[in-house]
Amino acid sequence: MGNLRSAGKGLEALGARVETSGSPAAFRRADGVVLPGVGAFPAAIGKLRSAKLTAPIRRWIADDRPFLGICLGLQLLFDESDEFGKTRGLGSCRGRVVGFPRGLTIPHMGWNRLVPVKATWLLKGLPARPFVYFVHSFFPVPMDRGIVAAETIYGVRFASAVERGSVAGVQFHPEKSQRVGARILANYLSMVARRA
């Protein structure tokens, strides 16, 4: 939902061959999977279910194959979201997706800093506390703090990047984050190449 083309163009600019597909059969041809998304959690998980994509995505992640969730694509990995009531997610990462507290301007939109919390392949080679571009009103709260790769502060400190094995997700938009975002996408493509 949403930013399929811009995410694809960001990867193509780095030399990737991108296929946009809503078919479970596409997983057999893929070396890596990117799940971008803009919009509401319930509508997005509903589209994945109706396209019969939830099981292939769960298997892909369980097999620790290269995966990148972008914005809503990160949120969908978790057990459930509070957006428009409780909605079950993919359950590939334990935790839930919650909204920002009252009193903040929502959505959180624009440039903000990443605060890396551990060394990761996804964030390798970035400057200290780089700026990236956000547009979101909800964020994940992982039960396993060990998967948190970076945090960002906007009223609260929230997980803005996660990584576990070959699986990663970011709350921001790397395809809109200029050189920093291009480096993050390049790091993902390097992981895809290593695992191909």
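Relative ring orientation between Phe139 and Phe100 is described as tilted, the plane-to-plane angle lying within the 30° to 60° band.
Asp79 places no side-chain N or O within 3.5 Å of a backbone atom of Leu90 that could act as its donor or acceptor partner. At distances below 3.5 Å, at least one donor-acceptor pair connects side-chain atoms of Tyr154 with backbone N or O atoms of Thr105. A side-chain donor-acceptor contact under 3.5 Å links Trp60 to the backbone of Pro66. No donor-acceptor pair under 3.5 Å is formed between the side chain of His173 and the backbone N or O of Glu175. Remark: the backbone N or O of Gln178 is not paired with any side-chain donor or acceptor of Arg183 at under 3.5 angstrom. The backbone N or O of Gly146 sits less than 3.5 Å from a side-chain atom of Lys118, completing a donor-acceptor pair.
In this structure, Phe138 has its ring center no closer than 6.0 Å to that of His108.
Salt bridge status for Arg96 with Glu83: absent, with no side-chain N to carboxylate O gap under 4.0 Å. By the 4.0 Å N-to-carboxylate-O rule, Asp31 lies too far from Arg65 to be salt-bridged with it. A salt bridge is defined here as a Lys NZ or Arg NE, NH1 or NH2 lying under 4.0 Å from an Asp or Glu carboxylate O, and Asp82 with Lys86 meets this definition.
Note that CZ of Arg58 and CG of Leu77 are 10.5 Å apart. Values are rounded to the nearest 0.5 Å. In this structure, CG in Asn187 is found 6.5 Å from CG in Leu126, a value given to the nearest 0.5 Å.
Residues Asp64 and Arg195 have side chains in contact (heavy-atom distance under 4.5 Å, counting atoms from C-beta outward).
Of the residues Tyr133, Phe131, Phe134, the one that meets the ring pair (Phe, Tyr, Trp, His ring centres under 6.0 Å) test with Trp111 is Tyr133.
Taken together through direct or relayed side-chain contacts under 4.5 Å among Ile, Leu, Val, Met, Phe, Trp and Tyr, Ile57 and Ile147 form part of one hydrophobic cluster.
Counting non-hydrogen atoms of neighbouring residues, nucleotides and ligands closer than 6.0 angstrom, the NZ atom of Lys52 reaches no more than 12 such neighbours.
Residues Arg49 and Thr54 bring no donor and acceptor atom of their side chains to less than 3.5 Å of each other.
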